[in-house]
Amino acid sequence: LTVLLTFIGSHAAQKITGRSVAFDPNRTLGVYFSLMFMFFAGICAMAFAHFKCSDNPNSLSTLTKDQSITCYEDDWNGMLVIAVLSLLLYVFGFGLLFLYVAVTAPRYFKTYSYRMRWSFLFIKFRPDVWWWSLMFTAKGVVMNLGFTFLTSGLGQCFWIMGVQAVYSFGVSLFMPWRHCLTNHLDIYITLCLLIVLGLLANRSSQGLVPDP
């Protein structure tokens, strides 16, 4: 909404002042979609939040974000339609859009409007690994998907470790970033995260960390 209002305001300012201050439509769309791409993992987390339930000693599952809501009962069912629509629009909708753009990039990237609108998906990566932005979207979806059927803290730790390990292996195999140092930094950060998750999993297996 902010991007749309800014775009409309720029065109209104151009008509009032007569100066060329109106935003280019392709660049404006590029800004909007780049924001969606940047926060895609967080958007997935919010979209999947309704399906993340945790077990309780009374054999009932409650919503992880709000323990007062029992999963699969009236209050939970009342929000199910909105949750499904959020998944369809923000997760699968934008995910499939980014997939389509990456697949069609070799054909349309020579078009000026296409580059202005979608260059943020490719500019950070080497030309022969132009599709690596899809790994970010896939990682955001797969990582949050595990929390919908894994209710124990230990299982969730292992799930995140598995996803991060596959991603780190992909980075070491393809070296997708344009700068070599960025590839090494990406691998180093992921390895640090794996170490932390391994320690948490070890403590959880000893019963020192309660399940969420």
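Below, each value reflects all heavy atoms present in this structure, side chains not excepted, and no hydrogens, waters or symmetry copies.
Taking the ring-ring contact (aromatic ring centres under 6.0 Å, His included) definition, one finds that Y90 meets it with nothing, sequence neighbours left out. Among residues two or more places apart in sequence or in another chain, the side chain to side chain contact (heavy atoms under 4.5 Å, CB included) test is passed with M116 by N26, R27, Y112. Listed by chain and number, the residues in a ring-ring contact (aromatic ring centres under 6.0 Å, His included) with F33 are W118 (sequence neighbours excluded). In terms of the ring-ring contact (aromatic ring centres under 6.0 Å, His included) criterion, residue partners of F174 (sequence neighbours excluded) are, by chain and number, W131. Residues passing the ring-ring contact (aromatic ring centres under 6.0 Å, His included) test with W159, sequence neighbours excluded: F149. Every disulfide (SG to SG under 2.5 Å) that C71 has, sequence neighbours left out, goes to C53.
The hydrophobic side chain of L181 is isolated, with no ILVMFWY side chain under 4.5 Å apart from it. Using a 4.5 Å cut-off between side-chain heavy atoms of Ile, Leu, Val, Met, Phe, Trp and Tyr, I82 forms no hydrophobic cluster with any other residue. Annotation for V81: hydrophobic cluster partners, listed by chain and number, are L85 (ILVMFWY side-chain heavy atoms under 4.5 Å, direct or chained).
Note on L185 and F169: separate hydrophobic clusters, where clusters join Ile, Leu, Val, Met, Phe, Trp and Tyr whose side-chain heavy atoms are under 4.5 Å apart, directly or indirectly. Residues I189 and Y167 do not share a hydrophobic cluster, defined by chaining ILVMFWY side chains whose heavy atoms lie under 4.5 Å apart. Under a hydrophobic-cluster definition in which Ile, Leu, Val, Met, Phe, Trp and Tyr are linked whenever side-chain heavy atoms come within less than 4.5 Å, directly or via other members, L193 and Y188 are assigned to different clusters. Neither V171 nor I195 shares a network with the other; the hydrophobic side chains, linked directly or stepwise wherever heavy atoms of I, L, V, M, F, W or Y lie under 4.5 Å apart, form separate groups for each.
In terms of heavy atoms, V129 sits closest to P176 at CG1-CB, 3.8 Å. Across M175 and H184, no two heavy atoms sit closer than the pair CE-CE1, 4.0 Å. Residues L200 and C157 share a closest heavy-atom pair of CB-SG, 4.1 Å.
Within the model, atoms CD1 of I160 and CG of L194 stand 10.5 Å from one another, a figure rounded to the nearest 0.5 Å. In this structure, the separation between OG on S54 and CG on L150 is 13.0 Å, given to the nearest 0.5 Å. Rounded to the nearest 0.5 angstrom, D75 CG and T70 OG1 are separated by 8.0 Å. Between Q67 atom CD and L60 atom CG the span is 11.5 Å, to the nearest 0.5 Å. Rounded to the nearest 0.5 Å, atoms OH (Y72) and CG (L80) are 10.5 Å apart. Atom OG of residue S34 and atom CZ of residue R117 lie 13.0 Å apart, to the nearest 0.5 angstrom.
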Under 3.5 Å, which donor-acceptor pairs link side chains of residues 91-108 to any protein atom two or more places apart or in another chain?
residue	atom	partner	partner atom	Å
T104	OG1	Y100	O	2.8
T104	OG1	V101	O	3.3
T104	OG1	Y114	OH	3.4

Please tabulate, for the side chains in residues 137-148, all donor-acceptor contacts under 3.5 angstrom to protein atoms that are two or more places apart in sequence or on a different chain.
residue	atom	partner	partner atom	Å
T137	OG1	L134	O	2.7
N144	OD1	K52	NZ	3.0
N144	ND2	G140	O	2.7
T148	OG1	L145	O	2.5

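Checking side-chain atoms of T190 against main-chain N and O of D186 turns up a donor-acceptor pair under 3.5 Å. Between the N202 side chain and the G198 main chain, no donor and acceptor come within less than 3.5 Å of each other.
The shortest distance between side-chain heavy atoms of M161 and Q156 does not fall below 4.5 Å. Contact of the T28 side chain with the Y32 side chain is not registered, since no non-hydrogen atoms from C-beta on lie closer than 4.5 Å.
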(request) For ring pair (Phe, Tyr, Trp, His ring centres under 6.0 Å), just list the numbers for F125 and W177, CA-CA rounded to whole Å, side-chain angles, deciding distance to a tenth of an Å, and then say yes or no. (result) CA-CA 4 Å; F125 310 114; W177 300 95; 5.0 Å; yes
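No more than 12 heavy-atom neighbours from other residues, nucleotides or ligands sit within 6.0 angstrom of CG on D74. Around NZ of K65, the count of heavy atoms belonging to other residues, nucleotides or ligands within 6.0 Å does not exceed 12.
Annotation: ring pair (Phe, Tyr, Trp, His ring centres under 6.0 Å) contacts involving residues 38-71, sequence neighbours excluded, comprise H50-W76.
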